[in-house]
Amino acid sequence: MPDNEVLRELHRQMVRIRLFEEALVEAYAEGKSPAFDIAAGPVPGEMHLAAGQEPVAAGICAHLRPTDAVTATHRPHHQALAHGVDMRLLAAEIFGKDTGLGHGKGGHMHLFSREPAFGCSGIIGEGIPTAVGHALAFKKQGRDDIAVAFFGEGAANQGAFHEALNLAGLWDLPVVFVCEDNTWAISVPKDQATAVEDNSKRAAAYDMPGRYVSDNDPVAIWEAGREAVERARRGEGPTLLEIETFRLLGHFQGDPQVYRSPEVIAELERRDALPRFERSLLDDGVLDEDAVTRVRDEARAEVDAAIEFARTSPYPAPESALDHVFA
């Protein structure tokens, strides 16, 4: 069981991630009505938010160093922030500004940070073999850094998933595979696309431990993450975790969610981990109401500063279009 300091930090991370994405909901909606226009407003293009999935990022990344490599998906903000990516630079990249992580050229699905080591991609399953490459490099360099690959349950049916796990198991690489099981691969429910009840069972095929964590529980995720990260850091090889989590919003902003009934969405909101976890910490005396207010006020100030930095930063100069394309 994590101590109270760890519990408070898990809560703090979940709050700041949630408030950051709530600010993005507002910014993304600007200029996109009355008819939804994906190209309009200060943040054009698609936007995939992770509201409800904060425990996965907070619980796993709590055990990582800045030099540990994290790969993520098209829904990456929670993991980027939990791994220590600067919120201002992240916001600026999402707004397409020159001060962003990729000078405004990557957007929200293609983020890159050298330290902390973080990257993501809009290609389904792309980060899984990339994490194996990081882990292989760490092992050859004699470092005790590790790699973590976050991906959705839909990506576990991609060939890259199986190829990557096979090599990681064969070479005993220091990598943790974290499957965020939010049930929906865009609009396809897991039970209509995946032969096994949970993907952690697939770990046995590649000679590594597999563990399933239910109910989006921040403490259980933290405990499973600690065991897997410590095992990898000791040189004992990879682990596959599947974590049941809940996507509260649509696959993308503007998604009409015709594949989920109002009753299903209401049940997901009822199971939202943030208020449940916050209430448990209050009931157990780990937090009091003043502490909750202080955490939210500090997170709000950080978010407001990041969004203002993004809004006021310059766009890339046209003549820089080919800079940083090949490095």
Side-chain angles (χ1 to χ4, degrees), residues 1-26 49-66 68 70 72 75-88 90-91 116 118 148 150 176 178 180-182 211 213-230 241 243-249 267-307:
M1 179 72 179
D3 61 27
N4 287 353
E5 182 178 351
V6 170
L7 293 172
R8 286 189 285 266
E9 177 60 16
L10 289 174
H11 172 260
R12 187 187 75 86
Q13 286 287 9
M14 290 168 61
V15 168
R16 64 192 289 269
I17 292 166
R18 178 66 62 89
L19 293 183
F20 178 72
E21 291 211 319
E22 286 179 352
L24 289 182
V25 169
E26 295 180 8
L49 299 177
Q53 299 183 199
E54 299 93 345
V56 183
I60 300 297
C61 293
H63 306 287
L64 302 183
R65 308 167 178 165
D68 292 328
V70 170
R75 196 181 311 281
H77 307 149
H78 54 323
Q79 283 121 11
L81 291 172
H83 192 38
V85 171
D86 188 312
M87 187 184 288
R88 298 174 312 136
L90 173 59
F118 180 85
V148 177
F150 291 97
V176 179
V178 182
E180 290 186 280
D181 176 11
N182 67 20
R211 180 171 176 180
V213 181
S214 65
D215 201 29
N216 210 22
D217 181 346
V219 173
I221 295 167
W222 184 91
E223 290 173 338
R226 178 179 63 175
E227 181 180 345
V229 168
E230 289 180 353
L241 303 176
I243 299 171
E244 181 187 28
T245 190
F246 309 119
R247 167 166 63 82
L248 301 181
L249 303 176
E267 175 62 15
L268 292 176
E269 292 172 349
R270 187 190 68 79
R271 299 178 73 181
D272 184 357
L274 179 52
R276 291 168 63 196
F277 186 50
E278 188 170 276
R279 173 47 54 191
S280 72
L281 297 183
L282 287 166
D283 290 345
D284 293 341
V286 178
L287 291 173
D288 58 28
E289 294 291 352
D290 288 343
V292 170
T293 299
R294 184 168 59 251
V295 166
R296 290 187 174 276
D297 287 347
E298 291 174 355
R300 171 58 63 196
E302 182 187 16
V303 169
D304 288 348
I307 298 299

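Here the structure is a predicted model, which is why all the values come from computation and not from measurement.
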Point to revise | Any donor-acceptor pair under 3.5 Å from R276 side chain to R271 backbone | key: yes

Review point. CZ/F118 to CG/L64 distance, rounded to the nearest 0.5 angstrom?
Key: 11.5 Å

Review point. Is the H77 ring parallel, tilted or perpendicular to the F20 ring (thresholds 30°, 60°)?
Key: perpendicular

Check your understanding: Closest approach of R88 and D86, non-hydrogen atoms and distance?
Key -> N-OD1, 2.8 Å

Exercise for review: Drop me the distance from N182's CG to R75's CZ, to the nearest 0.5 angstrom.
Suggested key: 6.5 Å

**Study point:** Residues R300 and D304 bridged, charged N to O under 4.0 Å
**Key:** yes

**Study point:** Shortest non-hydrogen separation from A224 to V213 and the atoms involved
**Key:** CB-CG2, 3.8 Å

Point to revise | Residue pair N4, L287: steps toward the side-chain contact (heavy atoms from CB on, under 4.5 Å) verdict | key: CA-CA 9 Å; N4 287 353; L287 291 173; over 6 Å; no

Practice item. Apply the test side-chain contact (heavy atoms from CB on, under 4.5 Å) to residues L281 and R8: give CA-CA distance (whole Å), side-chain angles for both, the deciding distance (0.1 Å), then the verdict. Key: CA-CA 8 Å; L281 297 183; R8 286 189 285 266; 5.6 Å; no

Check your understanding: Step by step, would you call E21 with Q53 a side chain to side chain donor-acceptor pair (under 3.5 Å)?
Key -> CA-CA 12 Å; E21 291 211 319; Q53 299 183 199; over 6 Å; no

**Study point:** T245 to G52 - nearest heavy-atom pair and separation
**Key:** OG1-O, 3.5 Å

Review point. From L81 CG over to M14 CE, what is the distance, rounded to the nearest 0.5 angstrom?
Key: 13.5 Å

Review point. How long is the span from the CD atom in E278 to the CG atom in D283, to the nearest 0.5 Å?
Key: 11.0 Å

Point to revise | Verdict with reasoning, I60 to V176, per side-chain contact (heavy atoms from CB on, under 4.5 Å) | key: CA-CA 10 Å; I60 300 297; V176 179; 5.6 Å; no

Check your understanding: Does the R12 side chain pair with the main chain of V295, one donor and one acceptor, at a distance under 3.5 Å?
Key -> no

Point to revise | Distance (rounded to the nearest 0.5 Å) between I307 CD1 and E302 CD | key: 10.5 Å

Review point. Backbone N or O of A51 within a donor-acceptor pair of the H78 side chain at under 3.5 Å?
Key: no

Check your understanding: Are R211 and E227 close enough for a salt bridge, meaning some N to O gap below 4.0 Å?
Key -> yes

Check your understanding: Do H11 and V15 have side chains that get closer than 4.5 Å, going by heavy atoms?
Key -> yes

Check your understanding: Does a side-chain heavy-atom distance below 4.5 Å link E22 with L19?
Key -> yes

Review point. Looking only at heavy atoms, what is the nearest atom pair of G59 and I221, with distance?
Key: CA-CG2, 3.9 Å

Exercise for review: Could you grab the distance from atom CD1 of I17 to atom CD of Q79, nearest 0.5 Å is fine?
Suggested key: 8.5 Å

Practice item. Taking only Lys NZ, Arg NE, NH1 and NH2, and the carboxylate oxygens of Asp or Glu, determine whether R226 and E223 approach each other closer than 4.0 Å. Key: no

Check your understanding: Under 3.5 Å, is there a donor-acceptor pair between the side chain of D284 and the main chain of V286?
Key -> no

Check your understanding: Does D68 reach the main-chain N or O of V148 with its side chain, forming a donor-acceptor pair under 3.5 Å?
Key -> no

Check your understanding: Between A62 and L10, what is the shortest heavy-atom contact and its length?
Key -> CB-CD2, 4.5 Å

Check your understanding: Where do A58 and Q13 come nearest, in terms of heavy atoms and distance?
Key -> CB-CB, 4.0 Å

Check your understanding: Are the side chains of D272 and F246 in touch, meaning some heavy atoms are under 4.5 Å apart?
Key -> no

**Study point:** Under 3.5 Å donor-acceptor, D215 side chain and D217 backbone
**Key:** no

